[in-house]
Amino acid sequence: MGAVTPPTDRTPKQDRSRATRRRLLEAAVACLAEHGWAGSTVSVVAERAGVSRGAAQHHFPTREDLFTAAVEYVAEERSAALRALPVQGRTAVVAALVDLYTGPLFRAALQLWVVASNEEQLRPRVTELEARVGRETHRIAVELLVADESRPGVRETVQGFLDMARGLGLANVLTDDTARRRRVVEQWAVLLDEALG
């Protein structure tokens, strides 16, 4: 009898590993957005993701690793979705960009910002992550708004819009601000049309 040859294809195991990682990242963002930092432990996230705590720690050795990776993952997913948007008029683009700051990603990121402001070991990671996400969001906004940043003031106008969108996200944290936000989005689309040409 010959020796049993182990399978050479490890794709199913890698696929399971990727799926577990994705479930953990999505569960971490949901927990952070719903329960804040204090209520979002690795155990809580693992339970929500349907995996053991050991599996969670295999993928993310520390709590900080898990939550910074989770915010980064969802930011990349949102960036991909934004890049896929067809240019369809400024009002729709402005609304889509504002949505970045009013959903669970922003709530989760906000929780990380608050904790990072008091946690020395987390602050540099969150600062670097937010700088990278901010640059990517600005770049995508410029593309979607068809903004010519070689013109004086255009870069600042786009950044001012993104800062306003972040402010709308903050306003939405405590209460549903949908009705007021819709009017502000429409007005900003008009202002951007005037400023960007």
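Between Glu186 and Arg183, none of the side-chain N atoms (NZ, or NE/NH1/NH2) sits under 4.0 Å from a carboxylate O, so this pair counts as no salt bridge. By the 4.0 Å N-to-carboxylate-O rule, Arg132 lies close enough to Glu128 to be salt-bridged with it.
The two residues Ala171 and Asp177 come nearest to each other via the heavy atoms CB-OD2, 3.7 Å. Listed here is the closest heavy atom pair of Val126 and Trp113: CG1-CD1, 3.7 Å. Shown here for Arg125 and Asp65, the closest heavy-atom pair between the two residues is NH2-OD1, 2.7 Å. Across all non-hydrogen atoms, the minimal contact from Val45 to Ala27 is O-CB, 3.7 Å.
The closest side-chain heavy-atom distance from Arg180 to Leu168 is below 4.5 Å. In this structure, the side chains of Thr68 and Glu72 stay at 4.5 Å or more apart for every pair of heavy atoms. Looking at Arg21 and Tyr73, their side chains never come closer than 4.5 Å, going by heavy atoms from C-beta outward. Side-chain contact between Leu145 and Val94: present, with at least one pair of heavy atoms (C-beta onward) separated by less than 4.5 Å. Contact annotation: the side chain of Glu26 never approaches that of Val29 to less than 4.5 Å [non-hydrogen atoms, C-beta and beyond]. With contacts defined as side-chain heavy-atom distances shorter than 4.5 Å, the pair Tyr101/Leu170 does not qualify. Within the 4.5 Å cutoff, the side chain of Thr178 has heavy atoms near those of the Arg181 side chain. Here the side chains of Thr20 and Leu24 are in contact, with some heavy-atom distance below 4.5 Å.
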Trace of the side-chain contact (heavy atoms from CB on, under 4.5 Å) decision for Val146 with Leu196: CA-CA 8 Å; Val146 193; Leu196 303 178; over 6 Å; no
Step-by-step side-chain contact (heavy atoms from CB on, under 4.5 Å) determination, Leu25 to Phe60: CA-CA 10 Å; Leu25 294 172; Phe60 304 101; 3.4 Å; yes
Val154 and Arg151: CA distance, side-chain angles, deciding distance, side-chain contact (heavy atoms from CB on, under 4.5 Å) verdict: CA-CA 6 Å; Val154 168; Arg151 292 179 43 219; 3.7 Å; yes
Test side-chain contact (heavy atoms from CB on, under 4.5 Å) applied to Val142 and Arg139, step by step: CA-CA 5 Å; Val142 167; Arg139 189 186 63 69; 5.8 Å; no
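Atoms CD and SG, from Glu47 and Cys31 in turn, are 9.0 Å apart once rounded to the nearest 0.5 Å. Arg23 contributes atom CZ, which lies 13.5 Å from atom CZ of Arg18 (distance to the nearest 0.5 angstrom). The CZ atom of Arg90 sits 11.5 Å away from atom CG of Leu97, with the distance rounded to the nearest 0.5 Å. Taken to the nearest 0.5 Å, the CD atom of Gln111 stands 5.5 Å off from the CG atom of Leu32. With rounding to the nearest 0.5 angstrom, the OG1 atom of Thr137 is 10.5 Å from the CZ atom of Arg135.
Side chain of Ser117 to backbone of Val114: a donor-acceptor contact under 3.5 angstrom is found. Side chain of Arg123 to backbone of Ala116: a donor-acceptor contact under 3.5 angstrom is found.
Screening residues 27-40 for side-chain hydrogen bond (donor to acceptor under 3.5 Å, both in side chains) gives Glu34-Arg48 as the qualifying pairs, with residues at least two apart or on separate chains. Applying the salt bridge (Lys or Arg N to Asp or Glu O under 4.0 Å) test to residues at least two apart or on different chains, none of the pairs has a partner in residues 95-109. Residue pairs meeting the ring-ring contact (aromatic ring centres under 6.0 Å, His included) criterion with at least one partner in residues 156-183, sequence neighbours excluded, are Phe161-Trp188. Sorted by first and then second residue, the ring-ring contact (aromatic ring centres under 6.0 Å, His included) pairs involving residues 121-160 (not counting sequence neighbours) form an empty list.
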Only distances under 3.5 Å count here; give the side-chain donor-acceptor pairs of residues 49-57 to other protein atoms, sequence neighbours excluded, each with its distance to 0.1 Å.
| unit_1 | atom_1 | unit_2 | atom_2 | d |
| --- | --- | --- | --- | --- |
| Ser52 | OG | Ala55 | N | 3.0 |
| Arg53 | NH1 | Ser43 | OG | 2.8 |

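Linking Ile, Leu, Val, Met, Phe, Trp and Tyr residues whenever their side-chain heavy atoms come within less than 4.5 Å places Leu100 and Leu162 in a single cluster. Residue Val190 is not grouped with residue Val158 when hydrophobic side chains (ILVMFWY) are merged at heavy-atom distances under 4.5 angstrom, including chains of intermediate members.
Residues passing the salt bridge (Lys or Arg N to Asp or Glu O under 4.0 Å) test with Asp148, sequence neighbours excluded: none.
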